[in-house]
Each structure stands twice: as C-alpha cells, then as structure tokens.
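Only a predicted model underlies this, so the values are computations on that prediction, with no experimental measurement involved. Index from 1, following the sequence.
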Amino acid sequence: MSSLFDVIFTTEFAFSVLRVTTPILFAALGALISNRAGIINIGLEGIMLVAALSGVVVSAYTGSSWVGLLGAVMAGTLISGILAFFTLHFKTHIILGGVAINMFASGGTVFILYLLSGDKGSSTSLPSKVLPSVDIPLLKDIPVLGPIFSGHNVLTYMSIIAVFVVYYMLKRTPLGLRIRSVGENPQAAQSVGVSVVKVQYTALLLSGFFAGLGGAYMSMGYLSLFTRDMTAGRGWIAIAAESMGRSTTVGTTLTSLLFGAADALANALQVLKIPAELIGTLPYVTTVIGLIVYAVSESRKKNRKLKAKVKG
C-alpha cells in the first residue's frame, strides 16, 4: 500500500493525469456540444482515430506539425459532417450511423496506413512531426505547481482553454442559446424561427472539431506516431464522462479528469508487481462503475419526482 501511495502522491503522477486527460476532455467537450443540441455523437471514437492518422500523414508530407494539426481537425470535422449529412438529411439512425463511422475508421485507417507506409500496425516509416511542449515562464520555477502544470504539450493547454470557450459559448452566445433551445425543446425553437437542422448540423461539426483535436493529440502529442486503434476506447469514455457530468461544462471537465486519473493510475501501477492485464482494465472498470453510479442517481431522482407528483 505504501508503494501505491509513493506512486500516486507525486508531481509526476499529477502531471500524467493532465497529460492523459487531454484527449478524453477534447472528445467529451465535443459530446457535450452535440448532446446539448439533442443529437448524440456516437462516432467520436472513429472521428478521433481518423484525425490521429490524418495528422500523422499530413505532417509527414508537409513537414509541419501545425499543418498536420490542421489536417487532423479538418478530417475530424469532415467525418462528423458526413455523419450529420446522413443523419439529418437521409434520417439515418444516429446510433447506427455513429457505429458505422467507428467500424469504418477502425478498418479504414489500417488500410490507408498500409497503402502509405506498407505497415498495418504503426506509422514508424512516416517522418511525422510532433506538436511542441511549452514551458510556462515563472510558473515552471514554482515548486510543486511548476512540475505539474508546466512542460505539457501545447494541445493540453488548448484543452484547458477549450473548457472556458465552450462554457462561454453555451452560456453567453446566440449560438449557444440556439443549441440549448434546440436540445431542450426543438418544436419551441422552430416556432420562433430557429432552424433545428442547421443548429444540429453546426453542433455535430463542432463536435467533430473537438474530437479531431483529441485525435491529433493522440498521434502528435501523447505519442509521436499512429498505431492501430490507438484511441483505445477514449471516444466511448468521453461519452460516459459527458453523461456523468450531467451535460454541463464543469461536470464534464471534472468527470474527464476522473477518467484521466484512472488511466494515469493504470500507467503508474505498471511499476508495481501487478498483472498488466488487470491494470489495463482499470480505466474501463472505472467507466462502468461511474455509469452505474450515474444511472442509480438518475433513477432515484426520477423516483423522487414521481412521488412528489403523486403526493401533489
């Protein structure tokens, strides 16, 4: 037990939590925006995977990590746009459409990777670039805080900024008001001239944009290459984080940190004599437990409301 505490209560572990939370947080913010518009984006896992490969390929062929980031974000937005097109115009079931995106991404990225590199497992033969890490002046010299918050990849800081941007957008802007109104009562929104389809289209595109950032981080920040199915369920974990966060920006951020901490703990426990298979299940077990707690909480809330109506 003391060895476990020695692993957890360190600045390195806290640094790792922020590091591994980044892709989950980006995708969870994407899930939040689409869900607030009344249309859940199940395809986050696939969108992140496509974006991760796109970032590596574009950066390798252009020699620029920033152009690679742009390519990743554009790819994520494009895939989400395709999902929106089939869902909103052809009335494809959003769940089936999202599952199709995930399946296409899993196999399609391997096929494209093989065509470009001759390897079905990783992109080691492609000279891809990595986004830079940033040492924050003054903060880096502060004991404890410096080692935790300074020296992260630039996308980690962008994810923190994104939390405030999404919060402000949903609470203070006309677009945010339309997104929330469409998600809460589409008929009422349409009656005052709001285009429900247009707003949901925009929400899904924004969802793909943020998931694209998360995918870019996986292959250009967290790692320096693309590997097969490297998102490893983070898109699904992001959806769980958004649900547990009760579709609020603050709640989604906190639950993303919770799942990031579980992931970081799984990485940290590898130094102890614990079977790797057991350690690998920790993030997913945490997700399941979290969803159970959330479901029980929601069920009790509904029962209290039902009892209140009966008494009234």
Side-chain angles (χ1 to χ4, degrees), residues 20-35 39-57 72-84 86-87 92-113 121-123 155 159 162 203-223 225-245 252 255-256 258-260 262-263 266 280-288 290-291:
V20 299
T21 296
T22 300
I24 299 173
L25 180 56
F26 271 131
L29 290 174
L32 171 65
I33 294 172
S34 62
N35 199 34
I39 183 165
I40 188 170
N41 188 352
I42 294 295
L44 289 173
E45 181 83 4
I47 292 171
M48 291 177 69
L49 201 57
V50 171
L53 177 61
S54 299
V56 164
V57 171
V73 170
M74 290 179 63
T77 306
L78 176 62
I79 297 298
S80 193
I82 292 173
L83 176 62
F86 280 97
T87 300
T92 303
H93 196 286
I94 185 63
I95 302 298
L96 297 180
V99 171
I101 291 292
N102 292 333
M103 295 178 66
F104 164 79
S106 180
T109 51
V110 174
F111 176 68
I112 294 173
L113 178 64
S122 68
S123 62
L155 281 178
S159 70
L204 278 175
L205 290 176
L206 287 172
S207 179
F209 172 84
F210 282 108
L213 287 172
Y217 176 79
M218 288 300 301
S219 61
M220 302 175 66
Y222 190 73
L223 297 178
L225 75 166
F226 175 86
T227 60
R228 181 173 185 169
D229 292 329
M230 69 183 306
T231 49
R234 286 177 174 83
W236 297 108
I237 293 175
I239 294 173
E242 189 274 336
S243 297
M244 286 180 59
T252 297
T255 49
S256 296
L258 173 64
F259 290 128
D263 201 354
T281 64
L282 185 59
Y284 309 105
V285 170
T286 304
T287 304
V288 172
L291 288 175

Inset, instruction - Apply the test side-chain contact (heavy atoms from CB on, under 4.5 Å) to residues Thr109 and Phe104: give CA-CA distance (whole Å), side-chain angles for both, the deciding distance (0.1 Å), then the verdict. - result: CA-CA 8 Å; Thr109 51; Phe104 164 79; over 6 Å; no
Legend entry - Least distance between heavy atoms, Ala72 atom then Ala51 atom: CB-O, 3.2 Å
Legend entry - Ser34 side, atom OG; Ile239 side, atom CD1 - distance, nearest 0.5 Å: 8.0 Å
Legend entry - Exercise: identify the closest heavy-atom pair between Val50 and Ala75: CG1-CB, 4.1 Å
Legend entry - Val56 and Leu225, any side-chain heavy atoms less than 4.5 Å apart: no
Inset, instruction - Identify the two heavy atoms, one from Gly208 and one from Ile47, that lie closest to each other, and give their separation to 0.1 Å. - result: O-CG2, 4.0 Å
Inset, instruction - Kindly give the heavy-atom pair with the smallest separation between Phe26 and Ala162, and that separation in Å. - result: CE2-CB, 4.2 Å
Legend entry - Separation between CZ of Arg234 and OH of Tyr217, rounded to the nearest 0.5 Å: 9.5 Å
Inset, instruction - Side-chain contact test, heavy atoms from C-beta onward, threshold under 4.5 Å: evaluate it for Met244 versus Phe259 and give yes or no. - result: yes
Inset, instruction - Start with the C-alpha gap between Ile95 and Ile40, add the side-chain angles, then the distance that decides, and say whether side-chain contact (heavy atoms from CB on, under 4.5 Å) holds. - result: CA-CA 8 Å; Ile95 302 298; Ile40 188 170; 4.0 Å; yes
Inset, instruction - Using atom types as modelled and distance alone, determine if a side-chain donor or acceptor of Ser219 lies under 3.5 Å from a backbone N or O of Phe226. - result: no
Inset, instruction - Working to the nearest 0.5 Å, report the span between CD1 of Ile79 and OG of Ser54. - result: 7.5 Å
Inset, instruction - Report the distance from atom CD1 of Ile101 to atom CD1 of Ile82, rounding to the nearest 0.5 Å. - result: 6.0 Å
Inset, instruction - Kindly compute the distance separating CG (Leu32) from CG (Asn41), expressed to the nearest 0.5 Å. - result: 12.0 Å
Inset, instruction - Give a yes or no answer on whether the side chain of Ser207 reaches the backbone of Gly30 with a donor-acceptor pair at less than 3.5 Å. - result: yes
Legend entry - Any Val73 side-chain heavy atom under 4.5 Å of Phe210 side chain: no
Legend entry - Donor-acceptor contact below 3.5 Å, side chain Thr92 vs main chain Phe86: yes
Legend entry - Minimum-distance pair of heavy atoms, taken over all atoms of Ala211 and Leu44: CB-CD2, 3.7 Å
Inset, instruction - Report yes if some heavy atom in the side chain of Phe209 is under 4.5 Å from a heavy atom in the side chain of Leu205; otherwise report no. - result: no
Inset, instruction - For the residue pair Ile94 and Leu83, establish whether any side-chain heavy-atom pair is separated by less than 4.5 Å. - result: yes
Inset, instruction - State, to 0.1 Å, how close Gly233 and Glu45 come at their nearest heavy-atom pair, and which atoms those are. - result: N-OE2, 2.8 Å
Legend entry - Under 3.5 Å donor-acceptor, Glu242 side chain and Thr252 backbone: no
Inset, instruction - First locate atom CG of Leu258, then atom CD1 of Ile24, and finally report the distance between them rounded to the nearest 0.5 Å. - result: 9.5 Å
